[in-house]
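Side chains included, hydrogens not; waters and symmetry mates left out as well; all remaining heavy atoms used. It should be emphasised that the depicted structure is a prediction, and the values quoted were computed from it without experimental measurement.
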Amino acid sequence: MTTPHFQQLIDWLELEAEAEKQQALRDFQRRSPSAAEAAGGTLTNLVIRDEDAGLGGRILLTLGKRNQTLSLPWTRLGPGSPVILSEEGTRTEGWRGIVSRIQRDSIQVAFSQWPESESERPSFRLDRSSDEVSRQRQRQGLEKAAAASGSRLAELRDVLLGFRPPIFRGSDSPQPLSRFVNESQLEAVRFALSADDIAILHGPPGTGKTTTVVELIRQITKRGERVLAVAPSNIAVDNLFERLLAAGEKAIRLGHPARVLPELREHTLDQLVENDSEVKVARKLVREAHSLRDHAARFTRAKPERGARQAMRQEAKLMLADARKIEEMVIARLLDGAHIICATVTGLDRSLIGDRRFDWCIIDEANQTTEAAAWGPLQYADRLVLAGDHKQLPPTILSTQAAAQGFSISLPERLLNQLGAGISRQLTTQYRMNRAIMQFPSDELYDGSLQADALVENHLLQDLPGVAANELTATPVTFIDTAGANYEEESEPEGDSPLNPLEAELVVKKLEALLATGLPPAAIAVIAPYSAQVRLLRQLIPHSEVEVDSVDGFQGREKEAVIVSLVRSNRETEIGFLADIRRMNVALTRARRKLIVIGDSATIVAHTFYRRMVDYFEAIGAYHSVWEESDE
């Protein structure tokens, strides 16, 4: 190892692996099926409702509750989640798969083999599993970076570890390729293009970070250079990939097709290979080879000539080798012809990428991935751009020990702390929120630097067609204080998460009031920081179009109206992980025209951030006591 830094990252990676293993063990063995399901990593009492063929010979199974009238409960499982399907009541090890789609009453999983049941009417259990391939790739990336010598990777490593300063050179002032790019975004693009080593694009909520990243990539490809564009989640990759395709860029998406949005799958490497005319010839060779091997193995009455069976087997082997060569040539041609390769940070297969080099590696949502994961794609590129917002949620870490030691600190956050703001450019014009929604997060976390664009600074719900004008729709922010009304939180039975039933009922009341104004359900989101409250709200809210999710799950999203349930209400003024104000930054910045926050001020103002938040709500006339709600 060049420094202890990489060994530390590997140690944290191992701690996280052990934490994932222990959580899976608790979910699978120590908790009842209902409690495991309530924890969000398991679905129980499932049956196979439909089956279909997927790309690359994969099997797609759609599973739902045996009682078809039941919806799936709240779950952390989503497209791209690695899972294990096991038959309930048996000791089978189960079958590994990848979630490809989830709906309110069903979940589709892609398998490489058919799950063989032991009973006539089997019921199944689906558990989230660890992604060992991803972990191994992270470790390999760290080891390669640590051992690098006399290479571009070694030079970049020395910059990122602070052994030598990053270099910036004068850059041309490119003309914007999109008419939607503002001056702040174009300045960030110019700054990134001037970097010899590393640049950070800091995009606070609503400031058009993805628009800026797409513009940067387009400027790079216009210069004839190649880009490796990655992000920590499949959704984030798909969002960037979709925008690049819409802009006319020639990009290819790597990764398991089940982890890619259906409308984008035709642009994945798997699908492009399958559709190639040469590969269709290769598939025919494979079928003929299998037929030849079957014929060689088949018993016949007539004794075959000496060496005939061996000759058939050898011919089949040669045909399979020819088929593999054809497929490899097609893959190489496609990858060599692409200006942009898109994948998750841990989705890069060395056997696929080979020795290909990229002029740039751009990591979008870089604050949401661990530093251990970020080193993997860096080995293929000459320069690095990190785009994200370290003032929003960090990577999700299960190991409390690893998190306490620093594993939750992302690469851009560490670099800003060590190298200073000189390696970064922040976007300042936001296009999402009414100014009153934006102002408190701007003052608290971004030194008051955010400016609302004229198109959004005063927009309200009552401006939308079909929405009635009243106090709710004519104001951008409402805070309802439940202090003194006995809205105390409760502990979830068999769970680890608090919930607040009375607060949940008030959330439903405000939701119905919004719907009564004519606001469509799909324009509203309800979010809470605790999974138990999310599950309770999903049970109470009958409108399927209203999105109900955790704060973590809603990062990167937006709605016209958002109701936030803070949950915590106790005499000890304990607020748990609400103390991480980045979580509240996300919660407060999802709404475009209307933000409703419900919470107990007597509990939360023990933290200075929340005291200032409540003071701000009072200052703009948004403060209301729950007793006012009771009088209605």
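Here Arg135 does not pair with Glu16 in a salt bridge; the nearest charged N to carboxylate O distance is not below 4.0 Å. Remark: Arg571 engages Glu488 in a salt bridge, criterion side-chain N to carboxylate O under 4.0 Å. Classification of Arg557 and Asp549 as a salt-bridged pair fails, no side-chain N sitting under 4.0 Å from a carboxylate O. Between Glu37 and Arg125 no salt bridge is recorded (no basic side-chain N to carboxylate O distance below 4.0 Å). Using a 4.0 Å cut-off between charged side-chain N and carboxylate O, Lys391 and Asp389 make no salt bridge.
Between the side chain of Glu572 and the backbone N or O of Glu574, no donor-acceptor pair lies under 3.5 Å. Between the Gln103 side chain and the Asp105 main chain, no donor and acceptor come within less than 3.5 Å of each other. Looking at Lys594, its side chain never comes within 3.5 Å of a backbone N or O of Thr473 through a donor-acceptor pair. Between the side chain of Arg253 and the backbone N or O of Cys342, no donor-acceptor pair lies under 3.5 Å. The closest donor-acceptor contact from the side chain of Lys65 to the backbone of Thr44 lies under 3.5 Å. Remark: side-chain polar atoms of Glu413 are not paired, donor with acceptor, to backbone N or O of Leu416 under 3.5 angstrom. Counting only distance, with no hydrogens or angles, the side chain of Ser184 and the backbone of Thr428 share a donor-acceptor pair below 3.5 Å. A distance-only check finds a donor-acceptor pair linking the side chain of Glu489 to the backbone of Ser569 [under 3.5 Å]. Judged purely by atom type and a 3.5 angstrom limit, Asp447 has no side-chain atom pairing as donor or acceptor with the backbone of Ser449. Judged purely by atom type and a 3.5 angstrom limit, Lys559 uses its side chain to pair as donor or acceptor with the backbone of Ala522.
More than 12 heavy atoms of other shown residues, nucleotides or ligands fall within 6.0 angstrom of atom CZ in Arg612. Remark: Glu471 CD is loosely packed, at most 12 non-hydrogen atoms of other residues, nucleotides or ligands lying under 6.0 Å away. A 6.0 Å sphere centred on CG of Asn417 holds more than 12 heavy atoms belonging to other residues, nucleotides or ligands.
Looking at Leu566 and Asn500, their side chains never come closer than 4.5 Å, going by heavy atoms from C-beta outward. In this structure the side chain of Gln426 never reaches within 4.5 angstrom of the side chain of Leu201, judged on heavy atoms. Between Arg101 and Ile107 the shortest side-chain heavy-atom distance does not fall below 4.5 Å. With contacts defined as side-chain heavy-atom distances shorter than 4.5 Å, the pair Ile217/Val213 qualifies. With contacts defined as side-chain heavy-atom distances shorter than 4.5 Å, the pair Pro232/Glu365 qualifies. Put simply, the side chain of Val83 does not reach to within 4.5 Å of the side chain of Asp127, judged on heavy atoms. For the pair Pro529/Leu578, a side-chain contact is recorded, criterion being any heavy-atom separation below 4.5 Å from C-beta on.
Between Ala587 and Val551, the shortest heavy-atom distance links the atoms N-CG1, 3.9 Å. Between Tyr616 and Ala436, the closest heavy-atom pair is OH-O, 2.7 Å. Between Thr573 and Ala602, the shortest heavy-atom contact is CG2-O, 3.6 Å. When all heavy atoms are compared, the tightest approach of Leu536 to Pro501 is CD2-CA, 3.7 Å. Between Ile437 and Leu595 the shortest heavy-atom distance is CD1-N, 4.1 Å. Asn367 approaches Leu393 most closely through the heavy-atom pair ND2-O, 3.2 Å.
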Taking it one step at a time, do Leu43 and Leu63 satisfy side-chain contact (heavy atoms from CB on, under 4.5 Å)? CA-CA 10 Å; Leu43 292 172; Leu63 302 132; over 6 Å; no
Apply side-chain contact (heavy atoms from CB on, under 4.5 Å) to residues Leu15 and Phe407 and explain how you reach the verdict. CA-CA 10 Å; Leu15 286 172; Phe407 197 37; over 6 Å; no
Stepwise, does the side-chain contact (heavy atoms from CB on, under 4.5 Å) test hold for Asp481 with Val626? CA-CA 6 Å; Asp481 188 359; Val626 71; over 6 Å; no
Might you work through the side-chain contact (heavy atoms from CB on, under 4.5 Å) test for Thr482 and Leu506, ending with a clear yes or no? CA-CA 10 Å; Thr482 65; Leu506 183 54; 4.3 Å; yes
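Distance check: Thr589 OG1 to Phe554 CZ gives 10.5 Å after rounding to the nearest 0.5 Å.
Aromatic ring pairs are classed by plane angle as parallel below 30°, tilted from 30° to 60° and perpendicular above 60°; the pair Tyr446 and His202 is tilted.
A distance below 6.0 Å separates the ring centres of Phe440 and Phe609.
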I'd like a table of donor-acceptor pairs (distance under 3.5 Å, sequence neighbours excluded) in which one partner is a side-chain atom from residues 394-405, with atom names and distances.
| from | atom 1 | to | atom 2 | distance (Å) |
| --- | --- | --- | --- | --- |
| Ser399 | OG | Ala402 | N | 3.0 |
| Gln405 | OE1 | Trp12 | NE1 | 2.7 |

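Of the candidates Glu558, Glu457, Glu560, Arg593 forms a salt bridge (Lys or Arg N to Asp or Glu O under 4.0 Å) with just one, namely Glu560.
For Glu503, the side-chain hydrogen bond (donor to acceptor under 3.5 Å, both in side chains) partners are Ser565, not counting sequence neighbours.
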